[in-house]
Number of protein chains: 2
Amino acid sequence: MSLATDAADQPTLYKRIRADIEKRILTGEWPPGHRIPFEHELVARYGCSRMTVNKALSELAQADLIERRRRAGSFVRRPQHQSAVLKIADIRAEITALGRAYGYELIDRKLRVATAADRGRLGVKKAGKVVAITCRHSADRVPFAVEDRLIDLSSVPNAATADFSREPPGSWLLHHVPWTEAEHTISAVVADDRTAEALDIAVGAPCLVIDRYTWRSARTITAVRLLYPGDSHRLVARFKGG
Amino acid sequence: MSLATDAADQPTLYKRIRADIEKRILTGEWPPGHRIPFEHELVARYGCSRMTVNKALSELAQADLIERRRRAGSFVRRPQHQSAVLKIADIRAEITALGRAYGYELIDRKLRVATAADRGRLGVKKAGKVVAITCRHSADRVPFAVEDRLIDLSSVPNAATADFSREPPGSWLLHHVPWTEAEHTISAVVADDRTAEALDIAVGAPCLVIDRYTWRSARTITAVRLLYPGDSHRLVARFKGG
DNA sequence: TTGACTTATATGTCTAGACATATAATCGTA
DNA sequence: TACGATTATATGTCTAGACATATAAGTCAA
């Protein structure tokens with residue numbers, strides 16, 4: 001994530017090793033797919049112990065700059081062409097973290113055999129059962145977001161009996177179901193009647209939309225659409241570059 | 001980033017330690033500002049060496065979940081009230097990467113002494129000169145985004161003479177000016193007359209907005225607002241958890 | 001009360017080993 | 001040739017130490 005700077009600014013060895021490699025990757029000297037020197041080679045080059053180069057390489061791997069493969073070595077990764085990453089734990093945590101009072105309201109909960117629309121949304125073919133939930137999150141008693149969620153009961157049978165009248169489904173899932181993969185799509189819409197009412201905004205007002213799909217090893221867990229008032233809510237990201 | 005999963009899925013100790021702490025943070029059990037047990041306490045609790053807990057804590061620090069302070073301890077960070085990270089190199093690269101034909105049109109370019117509004121937007125106090133640019137990006141001849149940009153000439157004097165009629169300012173800056181920090185804010189608005197015309201959409205149609213500020217070590221370089229048609233454009237992020 | 005100095009302590013980095021584990025490469029066999 | 005078993009090897013994790021360093025907290029003097 002960060003760029004290589006002068007060695008003078010980075011007295012520690014592992015940072016220098018990391019910066020050296022990072023620089024070669026970012027300048028294109030080592031293109032995607034290029035094999036980085038083995039740990040034992042770097043150990044020899046820098047005259048340090050293996051743990052030191054291992055720390056440097058581990059951090060580069062954590063930053064997705066390189067990929068490490070046992071027995072094969074470490075390789076420069078293809079840059080995520082538009083890597084948009086959005087990490088949301090859950091809304092309750094988000095609001096609480098902002099120091100505001102969290103409020104939750106279950107608007108609707110239905111247990112049904114998946115309709116064609118449900119199946120399309122979840123990306124499944126078989127017509128199993130699903131739970132459909134509509135609820136509202138608020139911060140300091142002001143509507144913060146409305147949530148429209150579908151949970152695949154064949155993946156999460158427990159969800160059929162969970163009490164979503166008090167605990168938001170996102171938090172419940174977070175505590176009960178581990179996930180392996182997720183996808184977020186951010187877009188914008190204008191509020192329809194139902195949304196406008198739930199968010200207490202005007203019909204036609206802009207809304208920020210986050211669609212999230214969550215899988216557990218190729219098995220769909222849940223699909224959720226979150227609608228935020230577009231003028232008040234913002235997704236902010238701050239990051240370092242070179 | 002990742003969620004806590006069963007210990008069975010995470011055989012290694014440092015990952016379990018990391019997951020345990022992560023879970024407590026994400027569930028709010030350990031709120032922002034809370035002091036995490038000292039390394040030596042975790043060493044005692046898990047019965048392992050200090051390097052093992054150090055690795056767990058280092059990764060949490062790298063992921064910005066905690067902050068480590070010498071002599072004081074490790075503390076839960078206030079989550080970037082919604083930690084959204086969005087890295088976009090530039091629109092031209094984005095469109096090209098999608099395999100679509102990139103088109104660019106300069107709509108307006110003005111060189112002026114910064115107005116009060118300009119200064120507010122750039123976050124500077126002195127009334128230096130700025131370049132204000134409005135342009136349009138298209139993909140396969142369909143409007144993709146309109147860009148409204150301000151460049152601080154006291155930070156980037158070269159921008160005064162750069163030819164933005166052919167090269168988009170984002171690409172030009174990327175190649176000519178190194179940056180150290182950036183901030184993105186994503187929101188939603190409805191199209192006004194000018195935007196509707198530029199994007200060839202209806203007035204009142206939803207638009208996704210990305211505001212980006214770029215700095216070079218505390219010095220503002222540029223402020224840009226990108227407007228995308230909200231129904232067609234989407235920011236997609238896919239990531240792994242667990 | 002303020003400022004300068006000292007001290008205690010938690011983290012930061014590093015070492016020289018160890019064993020585990022996934023897997024590329026090799027070899028042997030059908 | 002194709003496939004299965006074996007081996008070599010690079011990474012993954014871990015230990016029990018070490019010294020460095022930033023800094024919170026305490027001490028003492030002006």
Side-chain angles (χ1 to χ4, degrees), chain A residues 1-2 4-22 25 30 33-77 180 217, chain B residues 1-2 4-22 25 30 33-77 240 242:
Chain A
M1 172 99 65
S2 59
T5 60
D6 293 336
D9 295 351
Q10 292 182 345
T12 71
L13 184 50
Y14 94 86
K15 282 184 181 167
R16 221 187 85 212
I17 299 173
R18 192 188 59 186
D20 284 355
I21 296 169
E22 215 167 78
I25 293 173
W30 288 349
H34 181 270
R35 209 206 78 229
I36 282 174
F38 295 130
E39 290 189 354
H40 65 84
E41 293 174 305
L42 293 169
V43 162
R45 176 174 317 175
Y46 289 94
C48 62
S49 86
R50 212 192 111 208
M51 278 302 285
T52 301
V53 308
N54 183 282
K55 176 155 185 163
L57 294 177
S58 293
E59 289 197 2
L60 289 171
Q62 221 192 322
D64 276 340
L65 258 127
I66 66 169
E67 187 190 344
R68 313 198 72 199
R69 289 206 299 272
R70 272 178 151 116
R71 161 80 209 227
S74 302
F75 302 83
V76 178
R77 287 195 50 160
T180 57
S217 48
Chain B
M1 161 114 58
S2 59
T5 61
D6 294 335
D9 295 349
Q10 290 184 344
T12 70
L13 184 50
Y14 95 85
K15 281 186 180 166
R16 219 187 86 212
I17 299 172
R18 192 189 59 187
D20 284 354
I21 294 169
E22 213 167 78
I25 293 174
W30 287 349
H34 180 270
R35 211 206 76 230
I36 283 176
F38 294 130
E39 291 190 352
H40 66 82
E41 293 174 306
L42 293 169
V43 161
R45 177 175 316 176
Y46 289 95
C48 62
S49 86
R50 211 193 113 209
M51 278 302 285
T52 301
V53 309
N54 183 282
K55 175 154 185 162
L57 294 178
S58 294
E59 289 198 2
L60 289 171
Q62 221 193 324
D64 276 340
L65 258 127
I66 65 170
E67 188 190 343
R68 313 199 72 198
R69 289 206 299 271
R70 274 179 150 116
R71 159 82 208 227
S74 302
F75 302 83
V76 178
R77 286 196 50 161
K240 291 185 159 65

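Residue numbers begin at 1 in each chain, while the letters A, B, ... track the order of the sequences. The structure displayed is predicted, hence computed values, not measured ones.
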Quick test of your reading of the model: are Arg77(A) and Glu67(A) salt-bridged, counting only N-O distances below 4.0 Å? no
Looking at Glu22(B) and Lys15(B), is any side-chain nitrogen of the basic one under 4.0 Å from a carboxylate oxygen of the acidic one? no
One character per nucleotide, please: for nucleotides 11-17 of chain D, 5' to 3', B when the base has a protein heavy atom closer than 4.0 Å, S when only the sugar-phosphate does, - otherwise. BBBBBBB
Ile66(A) CD1 - dA10(D) P separation (whole Å): 15 Å
Among all residues two or more places apart in sequence or in another chain, which pass the ring pair (Phe, Tyr, Trp, His ring centres under 6.0 Å) test with Tyr14(B)? none
Any salt bridge linking Arg68(A) with Glu39(A)? Criterion: basic side-chain nitrogen under 4.0 Å from a carboxylate oxygen. yes
Output every pair passing ring-ring contact (aromatic ring centres under 6.0 Å, His included) with a member in residues 45-68 of chain B, not counting sequence neighbours, ordered by first then second residue. none
